[in-house]
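Report on one structure; see the data block that follows.
Atoms within a ligand are numbered from 1 in the order they appear, just like the ligands themselves.
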Amino acid sequence: DNGGYEHYLLKEISEQPDTVARTLRGRIDDRFHIAHLGGLNMDAREIRSFRRVKIIGCGSAYYSGQMGAQLIEELARIPADAEPASEFRYRSPVVEPDTLYVAISQSGETYDTLVAVQELKRKGGRVLGIVNTVGSAIARETDGGIYLHAGPEVSVASTKAFTSTAVAFALLALHLGRVRDLSPADGRRICEGLRRLPEQIKEILTLEDRIRELAKKYADSPGMMFVGRVRGYPVAREGAQKLKEISYVHAEAYPASELKHGPLALISPELPTVAIVPDDELLDKNLTTLGEIRARHGRILMVGHRTSEAADDCIVVPKNEVELDPILLTIPLQLFAYHAAVALGRDVDRPRNLAKSVTVE
Ligand code: BG6
């Protein structure tokens, strides 16, 4: 039942204040500023033994993993990175005992991710799952994990599972961090930030009319560039993925810092840029990048925490803690892709050539 919404996708985007709250429910410890994650099946001694975190998943799950890697590095100071599950599996990976492996899957049935998990287990790897569907294949194969509790996701393009996965990673990063060196003050700051997310998502959803207008304005471009730096880069990648999947507008995501090393050659009035520009320590660098795009007559839609003269249009979202801002910055891009797809008359919930979960090789 699509709850009176025209598409499941819009319903699922709109549910996010609630789904994020469900991912958080009962998991924040306000006394010790740590996360309760009973499903991890890991004690403090084991958590301290990990030297590295490797995250795998496919599609949007992979991009949420990139966001997760960033959170773990920042909060727990453990080197972490994400890789597409199928790439990981086919390159015959070296499996190390002091690496924590994390597999992400909304459905819990994606074949490439499942086989990668099985390969890890065979080689003695310690694997956690971040999964939405309770009792699914990946949930059963992993040693422990975090359920999203986001409810069934129907539309092919992932939205609420993406944000809940990022929230689950924030909880995991907080947990790993507090067992290691993250200070109680920083732990408290993150706990308080997490609690603010549902209300702030509601605020972002009120921007829908304006985002619809912007989507109409940009949807007839032959392609769009998405750029972000560090925390903003996974946001850019997921934003480009959403646009491609449901509107079929070509979209490329680049680290903003890489623009001048190649893709700047593409910038012209026909290729607008969506720039993710959070108010963080990289703000000035990002604004400089906008100037470089402007100088090549590129149009710019900036998504961030303030407006800027350097951009043609701006979407301003509420500010949280710098580590958690990427979660919020993702939401206007979901709405942007949705309304671009509607404006172009696409089959929003069932985009051509795609399946909700790919259970074959
Ligand atoms: C793709 C879907 O095929 O699978 C994506 O089209 C999804 O939307 C990806 O992100 C991974 O799915 P899952 O269920 O493993 O998270």
Could you tell me which residues satisfy ring-ring contact (aromatic ring centres under 6.0 Å, His included) with Phe162, sequence neighbours excluded, listed by chain and number? none
[Y]/[X] salt bridge by N-O under 4.0 Å criterion:
| X | Y | result |
| --- | --- | --- |
| Glu213 | Arg210 | no |
| Arg126 | Glu46 | yes |
| Glu96 | Lys54 | no |

Verify the distance criterion only: is there a donor paired with an acceptor across the side chains of Glu153 and Ser158 at less than 3.5 Å?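 Checked: Glu153/Ser158 side chains pair up, N/O donor to acceptor below 3.5 Å.
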Counting only heavy atoms from other residues, nucleotides and ligands, does the tally under 6.0 Å from NZ of Lys285 exceed 12? no
Which protein residues have a heavy atom closer than 4.0 Å to any atom of ligand 1, listed by chain and number?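 Heavy-atom contacts below 4.0 Å: Cys58, Ser60, Ala61, Ser105, Gln106, Ser107, Thr110, Val156, Ser158, Glu245, Ala355, Lys356, Val358.
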